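Take a look at the structure below.
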Amino acid sequence: MAKTEHDMLDDMALEAFFEAGRAKPPQPSQDLMARIMADAVAEMPAPRPIARPVTPPARKPVRKPGLLAGLIAGIGGWPALAGMATATVAGVWIGFAQPDTLNTWAGGALLSTSDMATSYDLEDLVPSYGSFDTLLEEG
Amino acid sequence: MDMAFDVNSDVTDEALLVAYGNGDRQAAAMLTMRLTPRVVGFSARMLGGDRAEAEDVAQEAMLRLWKIAPDWRQGEAKVTTWLYRVVKNLCTDRLRKRRGVDIDSIDEPADDAPGVVQGMIDADRAAALQAALTRLPDRQRIAVSLRHLQGATNPEIAEVLEISVEAVESLTARGKRALAAILATKREELGYGED
């Protein structure tokens, strides 16, 4: 049997029930609010800045210094190494190219003034060599 | 309350959820205060007024929201719509289990409710409405509750129920007709005749 007007509420009457329902909505208990907030804190990701760079700068790989780099650093770095190289070259040059000038600078202390040879004789290295030669001649 | 201004501020639920995903504790508090009443309201409608169970569902739904926050995809769904869908699924599962065990567990309004002689006061009407809602099929109850008690729009309800807007309109209309019939009977039972 079809519903008559007496069997049903009209829209206005039904809306009065909805209004009552909206006016008295089920309210969460304080305990529930506390539980939900505790869940929120437990699940919350670690704080991070909201604005991040679009492309984060790439980190340079940290390289461990090698053995040579360690030695160079030990003697004072590249400037010290350059000084050492200069001293080495100068030493070679002084030793082989300029003995006369060097002797002049040294005030004749390196070689005797009577024998200003520009090269070393065998007797300079082995002083007894001359005596040995005389001994051979005398027999 | 001191927090009333914050809870009712213009900041959207989604913006707060993103802030929470970035570790903002205040956003968590604001979302809790803003959304929990809605979630409890809907779950209580769905579960026929069982407050303890409704609160369990609300806590579970909010927990799922906290978990998804870091991966929330902005602009896809309203936070409330997402929550309503979660609540709907959780309640549907519970109702299914409940019906398998105790089919008569639906709450009825108390026969000795106050105010029946002079007329139904709001509390009585609200109780009668809740009782009537529990007698509706699940989908009609969801559609009517969301539309007329939670203030959701038809497109939002369509999203919750995963049906078309036209189907929502049809469900709501049928639900309201059924409610009108049930409440008319209740009105007579309570001794409150036609105006």
Side-chain angles (χ1 to χ4, degrees), chain A residues 1-66 69-70 73 77, chain B residues 18-25 27-29 31-33 35-45 49 51 54-56 58-59 62-63 65-67 69-70 120-130 132-133 144-145 147-151 176-177 179-181 183-185 187 194-195:
Chain A
M1 195 172 73
K3 296 279 185 185
T4 66
E5 287 184 2
H6 295 285
D7 298 326
M8 294 179 66
L9 299 181
D10 57 25
D11 282 351
M12 192 176 295
L14 187 57
E15 181 55 32
F17 280 88
F18 287 139
E19 275 181 22
R22 288 193 292 268
K24 299 273 184 186
Q27 289 296 321
S29 65
Q30 289 301 313
D31 176 59
L32 175 66
M33 298 293 274
R35 278 188 283 149
I36 288 176
M37 193 59 207
D39 284 346
V41 172
E43 296 292 332
M44 188 165 62
R48 63 187 187 200
I50 292 175
R52 289 183 300 168
V54 178
T55 52
R59 293 181 61 190
K60 291 181 179 177
V62 179
R63 293 178 59 187
K64 191 178 178 182
Chain B
V18 171
Y20 168 77
N22 285 322
D24 189 329
R25 193 188 179 105
L31 283 171
T32 300
M33 285 185 281
L35 298 176
T36 304
R38 292 186 181 198
V39 174
V40 169
F42 183 45
S43 60
R45 304 285 183 204
R51 292 301 302 275
E55 293 205 342
D56 285 347
Q59 186 178 4
M62 291 298 286
L63 181 61
L65 183 69
W66 304 137
K67 286 179 182 291
M120 297 168 89
I121 60 173
D122 275 359
D124 297 326
R125 284 181 171 170
L129 175 66
Q130 178 58 56
L133 279 169
V144 171
S145 296
R147 183 76 184 90
H148 293 283
L149 297 172
Q150 302 295 123
K176 283 176 71 176
R177 277 201 301 274
L179 274 181
L183 289 171
T185 306
R187 183 175 59 178
E194 291 180 67
D195 296 330

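Here is how names work: the chains are called A, B, and so on, in the same order as the sequence lines, proteins then strands, and each is numbered from 1. In this text, all values refer to a predicted model and were calculated from it rather than measured experimentally.
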Would you mind checking which part of Ala42(A) comes under 4.5 Å of any heavy atom in chain B, side chain (CB onward), backbone (N, CA, C, O), both or neither?
neither

Between Ile36(A) and chain B, which part of the residue has a heavy atom less than 4.5 Å away: side chain, backbone, both or neither?
both

Under a 4.5 Å heavy-atom cut-off, does chain A meet the side chain of Ala28(B), its backbone, both or neither?
both

Contact origin within Arg38(B) toward chain A - heavy atom pairs under 4.5 Å
neither

N-O pairing of Lys67(B) and Asp39(A) below 4.0 Å:
no

Do Thr36(B) side-chain atoms and Met33(B) backbone N/O form a donor-acceptor pair below 3.5 Å?
no

Parallel, tilted or perpendicular: which one describes the rings of Phe18(A) and His148(B), with boundaries at 30° and 60°?
parallel

Tell me if the CG atom of Asp31(A) is crowded by more than 12 foreign heavy atoms within 6.0 Å.
yes

